[in-house]
Each structure stands twice: as C-alpha cells, then as structure tokens.
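One structure is given below, encoded as structure tokens.
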Amino acid sequence: MEELVNGKLLEDRTKMESSIAAPSSSTSTQSLDTMKRPRKSLDVSGPVQPYHPRLKNFWYPVAFSTDLKDETMIPIDCFEEPWVLFRGKDGNPGCIQNTCAHRACPLHLGSVNEGRIQCPYHGWEYTTDGKCEKMPSTRLLNVKIKSLPCLEQEGMIWIWPGDDPPTTTLPSLQPPSGFVIHAEIVMELPVEHGLLLDNLLDLAHAPFTHTSTFAKGWTVPSLVKFLTPASGLQGYWDPYPIDMEFQPPCMVLSTIGISKPGKLEGQSTKECATHLHQLHVCLPSSRNKTRLLYRMSLDFAPLLKHIPFMHYLWRHFAEQVLNEDLRLVIGQQERMINGANVWNWPVAYDKLGVRYRLWRDAVERGSKPLPFSKPM
C-alpha cells in the first residue's frame, strides 16, 4: 500500500472501495462493526484529564527550522511543562527546561551567549544538554537542569518528551514530490489538541462551517464518505478530491485537488490538475492549549513564493479558516468540560476521527500492537 504522505493514492482504490461498500463481504461487516462499536465505547466528556505518560513516548515536531536562528530562543509548552529551544555552539538544536535551577527564572527571557542560554537574573549559562557551565559572581557548582532529546530533520525541530528511549527514526512530513513550500505558520490556540485533531480529520463540516473561505459555493452532498482500508489511518474523501492521513502522534497531512468553487464532486485528487498540500501539527501544550504548526505547499504557481509580503497573505487566510473552526471547537470544549460527550453519536463520515480516538485510547492503555498500524 502506498502512503498518502508521498502524495499518491492508495494502490487498489477500486478494490478498497468495493471491500468497504459491499454489504456481503467480511471486510464490510468488520468496517460496519467498527463504526458501531465507538457509539458505545467512545466517551470524550468532562474536564480534560492529565495526559497519560505513554502519549509522551513519540517524536513531536515543535518548531520550523527557519524560526530558530543561531541566537534566538523559542519557548514552548509541551504536556504542561515549559521548555525552551535554542542552538548550541555546533548549530544543532537543543531543548531544555525553561526554568533556571537557581531562582526559577524563565530562561527564554535571557539571551543566547556562545551557544549557551544565559539567565537574565544572575547570568547562569546552560548548554543544550542542560548543564550549567557559567555562574558569574560565585563558585561554579555541579548543576544541571532537565533536557529532552532534540533533533532536526527536513526543516523541523523535533523533541522526545517521554521516559522511554527514543526511536531511531523520525517520520517524514515533507510535501510530495513536485510541491513547493509557500508558508510555514505557528499559532497558539486555546483548545485541547484532541478536539482540534477531531476537527481537522473531518471534512463533512466544510460546507456548513467554511462558507466565507475555501468552501464558499460548495454544494452539500447527499452522502459524504471517507474511504480507507480496514486497518489504516489514511484514505480519501468522496465526493471531495482530498486525500488525508493521520500521522501519529498528532499530525494531519492532506492533499487537496483544486477545482472550481462548487464543482468538487465527481473528481479525485488524481483527476485534478493542480493541488494544495497541507501539514497540521497539533502539539499538546496543555489540557486547554495547542501549539499549531501549519505548512502549506503548492504544485503550481511557483512565482507566488517570491512576491513580497505573500507570507502575510497566507497567514491571514489561514487565520480566517481557523477562526471559522475555533468558535465551534471552543464551544465544544466548554460543553465537554460541563459533561457533554463530544463523540456521542458517530456516523459514517466520522471514520478517520473515530480511528484517531481508538488509536489514542490504545496508546494510553499500553496496547501492543497499536490498532490501524501499518504493517512492518
């Protein structure tokens, strides 16, 4: 099976459609049973619980490489803890606790001095592994603060916040061949990251929610389906020309075929001449805050990349789309905190969101192997 992350459709789309749609097949029965079970087992309600430690045992993208200059710092929150990113003497990124060991001053308020973060309170300086190498005005003590495994790959900074040993490989989040990156945007959003992922993994809401932006003019189909293998976290939408994948632990990749507004039905991404590729990373900053990394790429109009201030136009449009979603998702969060179940009655087009929730529940339970995992 080919991966959508590489910009290709699933190999045997016709076979997959028939296995999902045919009521007489065993695969169909399994899929229908899978969609029935979540109605009884999915309960996402009440105040957001503390994140399970097992959810931390993954590589998480936390910043774009272009935002981390040699003498800059990026403060982030991840799983309720404050961290700060910076580059060491060798130019490699590091991630250390954003709290000075001396008097608990936030380190990001200081500066980077020869590859070390200098605390603005008393000048203590820390390397990328958390070791304090300078203590002005006093005798040097053996002090070290917590650091996280930190790597840079394909234009992104990654951290491993868990206690398990980190895996040796990182997933690729690059756009497919032939695409050019046009925008990389970071936003802090006042919503729990699971609710945001639920939203991003759902396209059926588009003609009702995004009526002022990308879905303006869309007709409302009589039936919306997400077609996917019996075991998988990727597939394609029908009737929309959009391929989509959930990449654990918190990433959504989508390839969108560009058509005329209101003329989306009846075309697959393969049949569209031009495409937009999107990456959304939903980092769990805290139980009510998400750090969103958004990357947008096109396989057409390469000259747009060189137009002055175009980046600001892309950001404005991205914020418009996101704001249409946020007012609804924040409302969901308020209801959820008061006891409402946001997954009370899943239907067929909720398939990918349901699978994300089942995957996450399995991680927290410590299940092996995880459901919907790709065969090795």
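FYI, side chains are in, hydrogens and waters are out, and symmetry mates aren't considered; it's all heavy atoms of this structure. Since the structure is predicted, the reported quantities are computational estimates derived from the model, not experimental observations.
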Trp359 and Phe58 aromatic ring geometry - parallel, tilted or perpendicular at 30°/60° bounds: tilted

Check ion pair Glu80-Lys289 (N to O, under 4.0 angstrom): no

Flag, side chain of His122 to backbone of Trp124, donor-acceptor distance under 3.5 Å: no

Verdict with supporting geometry, Ser297 and Leu276, side chain to side chain contact (heavy atoms under 4.5 Å, CB included): CA-CA 6 Å; Ser297 309; Leu276 178 149; over 6 Å; no

Ala273 to Asp299 - nearest heavy-atom pair and separation: O-OD2, 4.4 Å

For Gln153 against Pro171, the heavy-atom pair lying closest together: NE2-O, 3.3 Å

Shortest non-hydrogen separation from Arg54 to Arg365 and the atoms involved: NH1-C, 3.5 Å

Heavy-atom pair with the smallest gap, counting every atom of Gly162 and Asn57: CA-OD1, 3.2 Å

Pairing residues for Glu184 by the salt bridge (Lys or Arg N to Asp or Glu O under 4.0 Å) criterion, not counting sequence neighbours: Arg295

Heavy-atom check, side chain of Ile145 versus side chain of Thr99, under 4.5 Å: no

Glu154 versus Gln174, side-chain donor and acceptor atoms under 3.5 Å: no

Non-hydrogen atoms of Pro61 and Met156 that approach each other most closely: CB-CE, 3.7 Å

Spatial distance of atom CD (Glu319) from atom OG1 (Thr213) [nearest 0.5 Å]: 13.0 Å

Pairwise side-chain contact, Asn92 with Thr128, heavy-atom cut-off 4.5 Å (strictly under): no

Side chains of Tyr236 and Glu245, donor plus acceptor under 3.5 Å: no

Hydrophobic cluster (4.5 angstrom, side-chain heavy atoms) - remaining members for Tyr121: none

Heavy-atom closest contact (Pro284 atom, Tyr60 atom, distance): CD-CE2, 3.9 Å

Side-chain heavy-atom pair Leu328, Asn199 within 4.5 angstrom cut-off: no

Residue pair Thr269 / Asp243, side-chain donor-acceptor N/O under 3.5 Å: yes

Glu152 versus Ser65, side-chain donor and acceptor atoms under 3.5 Å: yes

Side chain to side chain contact (heavy atoms under 4.5 Å, CB included) between Leu253 and Met244, worked out: CA-CA 6 Å; Leu253 300 103; Met244 185 172 284; over 6 Å; no

Contact list for residues 294-330, test ring-ring contact (aromatic ring centres under 6.0 Å, His included), sequence neighbours left out: His280-Tyr294

Heavy-atom check, side chain of Val363 versus side chain of Arg360, under 4.5 Å: no

Point-to-point distance, once rounded to the nearest 0.5 Å, from CG of Leu203 to OH of Tyr240: 7.5 Å

Value rounded to 0.5 Å, distance of CG in Leu358 from CZ in Arg355: 9.0 Å

Interatomic spacing from CG in Asp164 to NZ in Lys56 - rounded to 0.5 Å: 12.0 Å

Carboxylate-amine/guanidinium contact Arg291 Glu188, below 4.0 Å: yes

For Asp198, all residues meeting salt bridge (Lys or Arg N to Asp or Glu O under 4.0 Å), sequence neighbours excluded: Arg357

Counterpart residues, salt bridge (Lys or Arg N to Asp or Glu O under 4.0 Å), relative to Asp325 (two or more places apart): none

Path from Val321 to Leu201 over hydrophobic side-chain contacts below 4.5 Å: yes

CG-CE distance between Leu68 and Met73, expressed to the nearest 0.5 angstrom: 10.5 Å

Full working for side chain to side chain contact (heavy atoms under 4.5 Å, CB included) between Thr72 and Val112: CA-CA 7 Å; Thr72 61; Val112 179; over 6 Å; no

ring-ring contact (aromatic ring centres under 6.0 Å, His included) between Trp59 and Trp158, worked out: CA-CA 6 Å; Trp59 284 106; Trp158 300 70; 7.3 Å; no

Glu71: partners by salt bridge (Lys or Arg N to Asp or Glu O under 4.0 Å), with sequence neighbours left out: none

Asp67 side chain to Ala63 backbone, donor-acceptor under 3.5 Å: no

Contact check, side chains of Ser285 and Cys78, non-hydrogen atoms, under 4.5 Å: no

Beyond-backbone contact of Arg116 with Glu133, side-chain heavy atoms, under 4.5 angstrom: yes

His205 ring center near Tyr349 ring center (under 6.0 Å): no

Residue pair Trp343, Val354: steps toward the side chain to side chain contact (heavy atoms under 4.5 Å, CB included) verdict: CA-CA 8 Å; Trp343 276 107; Val354 167; 3.6 Å; yes

Pair Ser111, Asn113: side-chain N/O donor-acceptor within cut-off below 3.5 Å: no

Distance in Å, Cys150 SG paired with Trp160 CH2, rounded so as to fall on 0.5 Å steps: 14.0 Å

Heavy-atom side-chain contact between Leu293 and Met187 under 4.5 Å: no

Residue pair Cys119 / Glu125, side-chain heavy-atom distance below 4.5 Å: no

